[in-house]
Amino acid sequence: MRAYIQLMRPHQWIKNFFIFLPIFFGRQLFNLQIDFLLIFVFFSFSFLASAIYCFNDLIDANEDKQHPTKRFRPIASGLVSKGHAVWLCTLLIAASFLTICVPFFFSEHITTEIFFKQLSILGFYFVLNILYSLWLKKVAIIDVFVIAIGFILRLLLGAITASIELSQWIVLLTFLLALFLAFAKRRDDVKEYEENGKILRKHITLYNSRFLDQVLTILVAVTLVCYIMYCTSPSVVERINSQYLYLTSIFVLLGMIRYLQITIVMGKSGSPTKVLIHDRFLQFTVTLWIVSYLVILYV
């Protein structure tokens, strides 16, 4: 059972909390009805993401056996057979569909239009990631942009479910932050290639540390500028009735610089999820940002 759970990668579900960002920024965080609906959406998306992880591990099983860490994955190590992995993938897709149907049948808020938009986003995410597993992950730069698009889809799914109109700045911020994290993860593979000569991805030779360091630096600068533009946007200032939101940019800059330090100095950017789970400095910074934002937004 532990191997099957590991195959689903539930620790990666933390990424799916981006679904809740629209209600956070839209001042609907304590709307229990919306919260209830988004919980179902969260699990639906998570089940679908886990199904894609299963599919990806099936496709990459032979390559993963040669990887220093991925060789311990359930399929590559032989703990889960390919036949059982196919069944698990199918069950997760079914669970995702059934879960997203619950709010539609039991909540008046989820209209037919909203429901079909939800299904469209889930369907697009599924197809995009199947293409990613089969081909797109082998195309340098495009592979990272596909990952970032996935975060945009999470954001849109949450906004559509909660009937919240997203600011263009929030969409851009999400995309830029996802790009930053994805490129930082690629640098970990480049480090392994440059130090040990191990090609962990077929296209990794199209990246190098100098190129990625420059990309990461640019993304930190652009993301911070975008965040400040969001905080000082007249429509945002008017909506939250406060001119002090820009002060939270201190924690955004601190968090991104810390992640740069983890990536470039410590060389531990292989998994953004694990970095967030284990790095106390980053956890403290994110907590301070959330608390300061909540105080300005809700108090």
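In this structure, the separation between CG on Leu216 and CG on Leu179 is 10.5 Å, given to the nearest 0.5 Å. Here CZ of Arg73 is found 4.0 Å from CZ of Arg9. Values are rounded to the nearest 0.5 Å. Atom-to-atom distance recorded for Leu166:CG and Thr174:OG1 is 8.0 Å, nearest 0.5 angstrom. Between the CD1 atom in Ile121 and the CZ atom in Phe116 there is a gap of 14.0 Å [rounded to 0.5 Å]. In this structure, OG in Ser133 is found 9.5 Å from CG in Leu128, a value given to the nearest 0.5 Å. Rounded to the nearest 0.5 Å, atoms CZ (Phe47) and CD1 (Ile52) are 14.0 Å apart.
Between the side chain of Gln261 and the backbone N or O of Met266, no donor-acceptor pair lies under 3.5 Å. With hydrogens and angles ignored, the 3.5 Å screen pairs no side-chain donor or acceptor of Arg239 with any backbone N or O of Arg27. Side-chain N or O atoms of Ser50 include one that pairs as donor or acceptor with a backbone N or O of Ser46 at under 3.5 Å. Proximity of a side-chain donor or acceptor of Thr111 to a complementary backbone N or O of Ile114 within less than 3.5 Å is detected. Thr263 contributes a side-chain N or O that, together with a main-chain N or O of Tyr259, makes up a donor-acceptor pair within less than 3.5 Å. Distance alone, capped at 3.5 Å, places no donor-acceptor pair between the Ser44 side chain and the Phe40 backbone. Panel note: side chain Thr223, backbone Val220; no donor-acceptor pair is recorded below 3.5 Å.
For Glu113, the salt bridge (Lys or Arg N to Asp or Glu O under 4.0 Å) partners two or more places apart in sequence, or in a different chain, are Lys117. With sequence neighbours left out, the side-chain hydrogen bond (donor to acceptor under 3.5 Å, both in side chains) criterion links Trp169 to no other residue.
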Worked check of side-chain contact (heavy atoms from CB on, under 4.5 Å) between Ile100 and Phe115: CA-CA 8 Å; Ile100 200 68; Phe115 179 64; 4.2 Å; yes
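Between Trp13 and Phe43, the ring planes are perpendicular. Angles over 60° get that label, and only those under 30° would be called parallel. In this pair, Phe25 and Tyr230 present their aromatic rings perpendicular. The plane angle is above 60°, beyond the 30 to 60° band. The aromatic rings of Phe211 and Phe183 sit perpendicular to each other, their planes meeting at more than 60°, with 30° as the lower class boundary.
Inter-residue side-chain proximity for Val237 and Leu245 is flagged as unmet; no heavy-atom pair is nearer than 4.5 Å. Side-chain contact between Leu134 and Phe55 is present, with heavy atoms from C-beta onward closer than 4.5 Å. For the pair Ile23 and Asn31, the minimum side-chain heavy-atom distance is 4.5 Å or more. Between Ile164 and Gln28 there is a side-chain heavy-atom pair separated by less than 4.5 Å. Contact annotation: the side chain of Leu219 never approaches that of Met256 to less than 4.5 Å [non-hydrogen atoms, C-beta and beyond]. When side chains are defined from C-beta on, Phe45 does not count as touching Thr99, because their heavy atoms never get closer than 4.5 Å. Gln33 places a side-chain heavy atom less than 4.5 Å from the side chain of Ser107. Side chains of Phe281 and Leu254 form a contact here, defined as non-hydrogen atoms less than 4.5 Å apart.
The same ILVMFWY cluster, assembled from side-chain heavy atoms under 4.5 Å apart, contains both Phe180 and Phe17. Val265 and Val215 sit in two unconnected hydrophobic clusters of ILVMFWY residues. Membership requires side-chain heavy atoms under 4.5 Å apart, directly or through other members. Hydrophobic clustering places Leu294 together with Tyr227 (ILVMFWY residues linked when any side-chain heavy atoms are closer than 4.5 Å, directly or through intermediates).
For Phe151 and Phe175, the distance between ring centers is not under 6.0 angstrom.
Taking all atoms of both residues into account, the shortest heavy-atom contact from Asp143 to Tyr132 is O-CE1, 3.5 Å. Pro74 approaches Ser77 most closely through the heavy-atom pair O-OG, 3.3 Å.
Of the candidates Phe97, Tyr53, Tyr125, Leu48 forms a side chain to side chain contact (heavy atoms under 4.5 Å, CB included) with just one, namely Tyr125.
Remark: Asp279 engages Arg258 in a salt bridge, criterion side-chain N to carboxylate O under 4.0 Å.
Shown here is Phe104, whose CZ atom has more than 12 heavy atoms of other residues, nucleotides or ligands within 6.0 Å.
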